[in-house]
K.L.:
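Dropping a structure here in structure tokens format, bear with me for questions.
Letters A, B, ... are given to chains in the order of the sequence lines, protein chains preceding strands, and every chain is numbered from 1. Values in this document were obtained by computation on a predicted structure and should not be read as measured data.
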2 protein chains.
Amino acid sequence: MKSQKAGFHSLRRLLEEKNIRPSFQRMKILDYLRKSKDHPTAEMIYRSLLSEIPTLSRTTVFSTLKLFYRKGLISQVFIDESEMRYDPITKPHPHFKCLKCGRIFDLDMECPYGSLKSVNGHKIYECHMYFVGICKDCLNKG
Amino acid sequence: MKSQKAGFHSLRRLLEEKNIRPSFQRMKILDYLRKSKDHPTAEMIYRSLLSEIPTLSRTTVFSTLKLFYRKGLISQVFIDESEMRYDPITKPHPHFKCLKCGRIFDLDMECPYGSLKSVNGHKIYECHMYFVGICKDCLNKG
DNA sequence: GTATCTGCAAAACATTTGCAATTCT
DNA sequence: AGAATTGCAAATGTTTTGCAGATAC
């Protein structure tokens with residue numbers, strides 16, 4: 001369970017499967033993404049890894065995320081007005097954004113049309129869906 | 001059909017219904033939005049109206065769009081990486097973004113869960129859905 | 001030893017803010 | 001007059017770019 005090596009091996013494998021050279025920074029960024037549940041922004045990733053990798057730069061985080069996305073390793077989530085968010089899951093699934101606490105989380109449901117290959121003659125590569133509202137926790141708190 | 005007055009009256013009414021003072025700039029911006037089918041960005045609106053209103057500023061366009069959105073007159077469309085897009089239709093409906101020609105257009109279909117008021121106990125205010133791919137026209141062109 | 005990767009500094013870009021001038025009622 | 005609206009200039013915050021040094025194969 002606490003085996004760091006096994007984690008590193010699987011990260012390395014994931015990167016190599018997508019023809020991405022498994023550098024230390026890339027493994028750390030992928031590791032962070034896969035452990036996070038909050039669809040982090042580049043800034044969140046940068047700040048979290050800075051203590052472990054003091055020389056890390058925002059540029060590297062941005063370019064790495066872009067690379068991961070281009071290679072199909074992660075998906076981009078456009079929900080926030082200002083910042084892009086990233087998701088280690090590439091399979092289509094709906095998100096929920098709470099206006100009160102600001103959390104963005106996965107919904108426990110299938111994405112309708114998630115496996116659709118075309119609509120009205122248009123070829124589909126990606127399907128995105130999300131709801132905006134007030135989450136259960138915030139509703140209960142008042 | 002070509003009556004400009006009728007258009008202005010209906011624009012004025014639309015704004016007043018939402019408790020927005022119908023200034024010249026606001027009417028023009030709303031008019032542009034309602035006539036457009038391409039989910040314009042603030043910049044697109046600004047550039048288009050500049051010839052008619054040479055003193056118009058980007059600030060006014062941005063603040064007006066934000067006001068319209070807050071009052072429920074238009075909806076925001078997050079599809080573009082960089083710029084926000086605006087839509088005169090507030091009823092949930094799916095969009096399609098073509099990676100080749102860059103067009104963003106409405107799909108002729110209902111938004112699934114578009115009338116849903118809550119999911120898993122979370123209260124829903126907005127429902128957004130869009131597909132990314134290659135549109136019919138671009139496919140046919142090769 | 002050559003490709004790639006990293007990271008700094010500066011630039012680019014969309015959007016916001018502070019404030020003064022203008023306009024509406 | 002008083003309140004709301006507009007618009008300029010400057011600031012903010014995110015992402016990109018150019019380039020030099022470091023690292024990997």
Side-chain angles (χ1 to χ4, degrees), chain A residues 8 11-12 15-16 18-33 39-71 73-86 102 104, chain B residues 8 11-12 15-16 18-33 39-71 73-86 102 104:
Chain A
F8 267 27
L11 289 171
R12 183 179 293 272
L15 289 169
E16 283 171 347
K18 299 281 185 182
N19 285 312
I20 301 168
R21 288 235 287 239
S23 75
F24 182 64
Q25 285 89 335
R26 287 172 180 174
M27 294 215 288
K28 279 296 183 185
I29 291 169
L30 182 58
D31 188 40
Y32 182 91
L33 272 165
H39 307 75
T41 65
E43 185 68 19
M44 286 159 75
I45 299 169
Y46 169 71
R47 283 185 193 277
S48 296
L49 296 179
L50 204 53
S51 52
E52 258 186 292
I53 317 169
T55 60
L56 185 68
S57 86
R58 262 175 264 260
T59 307
T60 301
V61 177
F62 277 116
S63 67
T64 300
L65 290 168
K66 192 160 238 185
L67 176 71
F68 286 179
Y69 172 68
R70 277 204 317 269
K71 298 283 190 175
L73 194 56
I74 63 174
S75 59
Q76 295 183 326
V77 183
F78 298 98
I79 294 190
D80 243 31
E81 316 222 356
S82 48
E83 286 172 279
M84 171 81 79
R85 287 171 173 273
Y86 297 89
I104 290 169
Chain B
F8 267 27
L11 289 171
R12 183 179 293 272
L15 289 169
E16 282 170 348
K18 300 282 183 180
N19 285 312
I20 301 169
R21 287 234 286 235
S23 76
F24 181 64
Q25 285 87 335
R26 288 172 179 172
M27 294 216 289
K28 279 297 183 185
I29 291 170
L30 182 58
D31 188 39
Y32 182 91
L33 273 165
H39 308 75
T41 65
E43 185 69 19
M44 286 158 74
I45 299 169
Y46 169 72
R47 283 185 194 276
S48 295
L49 296 180
L50 204 53
S51 52
E52 257 186 293
I53 317 168
T55 59
L56 185 67
S57 85
R58 264 174 261 259
T59 308
T60 302
V61 177
F62 277 117
S63 68
T64 300
L65 290 169
K66 191 160 238 184
L67 176 72
F68 285 179
Y69 172 68
R70 278 203 318 270
K71 298 284 191 173
L73 195 56
I74 63 173
S75 58
Q76 295 182 325
V77 182
F78 298 98
I79 294 191
D80 243 30
E81 315 221 358
S82 47
E83 287 171 279
M84 171 81 79
R85 286 171 173 273
Y86 298 89
I104 290 169

K.L.:
Is a donor on one side and an acceptor on the other found under 3.5 Å between the side chain of Ser63(A) and the backbone of Thr59(A)?
P.N.:
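A pair under 3.5 Å: yes.
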K.L.:
Using whole Å, what does the distance between atom P of nucleotide dT15(D) and atom CE of Met84(B) come to?
P.N.:
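Those two atoms, CE and P, are 13 Å apart.
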K.L.:
Can you tell me how far C1' of dT14(D) sits from CD1 of Ile45(A), to the nearest Å?
P.N.:
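Atom-to-atom, Ile45(A) to dT14(D), this comes out as 14 Å.
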K.L.:
Distances under 3.5 Å between protein N/O atoms and the N/O atoms of nucleotides 20-24 of chain D, please, pair by pair.
P.N.:
none

K.L.:
Under the rule for salt bridge (charged side-chain N to carboxylate O under 4.0 Å, His left out), what residues qualify as partners of Arg70(B), not counting sequence neighbours?
P.N.:
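Counting only residues at least two positions away or on another chain, Arg70(B) forms no salt bridge (charged side-chain N to carboxylate O under 4.0 Å, His left out).
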K.L.:
Which nucleotide, in any strand shown, forms a Watson-Crick or G-U wobble pair with dA3(C), with both distances under 3.5 Å?
P.N.:
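Check on dA3(C): unpaired, no WC or wobble geometry under 3.5 Å.
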K.L.:
Which donor-acceptor pairs under 3.5 Å do the side chains of residues 18-26 of chain A make with protein atoms, sequence neighbours left out?
P.N.:
{"unit_1": "Ser23(A)", "atom_1": "OG", "unit_2": "Arg26(A)", "atom_2": "N", "d": "3.2"}
{"unit_1": "Arg26(A)", "atom_1": "NH1", "unit_2": "Arg21(A)", "atom_2": "O", "d": "3.1"}

K.L.:
Under the rule syn = chi within 90° of 0, otherwise anti, which is dA3(D)?
P.N.:
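Here the answer is anti: the torsion falls beyond 90° from 0.
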K.L.:
Please give me the minimum heavy-atom distance between Ser57(A) and Tyr46(A), naming the atom from each residue.
P.N.:
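Between these two residues, the closest heavy atoms are C-CE1, 3.8 Å.
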K.L.:
Return the minimal non-hydrogen interatomic distance between Glu81(B) and Phe78(A), and the atom names on each side.
P.N.:
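Smallest interatomic distance, heavy atoms only, reads CA-CE2, 3.3 Å.
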K.L.:
Does the pair Leu73(A) and Leu15(A) meet the rule for a side-chain contact (heavy atoms from CB on, under 4.5 Å), with working shown?
P.N.:
CA-CA 8 Å; Leu73(A) 194 56; Leu15(A) 289 169; 3.7 Å; yes
K.L.:
For Ser75(A) and Tyr69(A), which heavy atoms make the closest approach, and how far apart are they?
P.N.:
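In this case the closest contact between Ser75(A) and Tyr69(A) is CA-CD1, 4.2 Å.
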K.L.:
Whole angstroms only, please: what is the CG-P distance between Asp80(A) and dT14(D)?
P.N.:
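Spelled out: CG on Asp80(A) to P on dT14(D) is 10 Å.
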K.L.:
Please list each protein N or O that sits under 3.5 Å from an N or O in nucleotides 6-12 of chain D, with the distance.
P.N.:
{"unit_1": "dT6(D)", "atom_1": "OP1", "unit_2": "Ser23(B)", "atom_2": "OG", "d": "2.3"}
{"unit_1": "dT6(D)", "atom_1": "OP1", "unit_2": "Gln25(B)", "atom_2": "OE1", "d": "3.4"}
{"unit_1": "dT6(D)", "atom_1": "O3'", "unit_2": "Gln25(B)", "atom_2": "NE2", "d": "3.1"}
{"unit_1": "dG7(D)", "atom_1": "OP1", "unit_2": "Gln25(B)", "atom_2": "NE2", "d": "3.4"}
{"unit_1": "dG7(D)", "atom_1": "OP1", "unit_2": "Thr55(B)", "atom_2": "O", "d": "3.0"}
{"unit_1": "dG7(D)", "atom_1": "OP1", "unit_2": "Thr55(B)", "atom_2": "OG1", "d": "3.0"}
{"unit_1": "dG7(D)", "atom_1": "OP2", "unit_2": "Thr60(B)", "atom_2": "OG1", "d": "2.9"}
{"unit_1": "dG7(D)", "atom_1": "O5'", "unit_2": "Thr55(B)", "atom_2": "O", "d": "3.2"}
{"unit_1": "dC8(D)", "atom_1": "N4", "unit_2": "Thr59(B)", "atom_2": "OG1", "d": "3.3"}

K.L.:
Quick one: look up who dT15(D) pairs with, Watson-Crick or G-U, both distances under 3.5 Å, and put none if it's unpaired.
P.N.:
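WC or wobble partner is dA11(C).
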K.L.:
Roughly how many Å is it from CD in Gln76(A) to P in dT14(D), rounded to a whole number?
P.N.:
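Value for this atom pair: 16 Å.
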K.L.:
For Leu11(A) and Phe8(A), what are the C-alpha separation, side-chain angles and deciding distance, and is it a side-chain contact (heavy atoms from CB on, under 4.5 Å)?
P.N.:
CA-CA 5 Å; Leu11(A) 289 171; Phe8(A) 267 27; 4.1 Å; yes
K.L.:
In a check of side chain to side chain contact (heavy atoms under 4.5 Å, CB included) between Tyr86(A) and each of Ile74(A), Ile29(A), Val61(A), Thr41(A), which one passes?
P.N.:
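With Tyr86(A) as partner, side chain to side chain contact (heavy atoms under 4.5 Å, CB included) holds for just one option, Ile74(A).
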K.L.:
Of all nucleotides in DNA chain C that come within under 4.0 Å of a heavy atom of chain B, which is furthest toward the 5' end and which toward the 3' end?
P.N.:
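Reading along DNA chain C, I get dA14(C) to dT17(C).
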K.L.:
Do Leu65(A) and Ile45(A) make a side-chain contact, defined as non-hydrogen atoms from C-beta onward lying under 4.5 Å apart?
P.N.:
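Yes, close enough: below the 4.5 Å cut-off.
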K.L.:
In whole angstroms, how far is the C1' atom of dT5(D) from the CG atom of Leu67(B)?
P.N.:
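Those two atoms, CG and C1', are 11 Å apart.
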K.L.:
Applying salt bridge (charged side-chain N to carboxylate O under 4.0 Å, His left out), name anything that partners Arg85(B), two or more places apart in sequence or on another chain.
P.N.:
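Result, salt bridge (charged side-chain N to carboxylate O under 4.0 Å, His left out) vs Arg85(B): Asp80(B).
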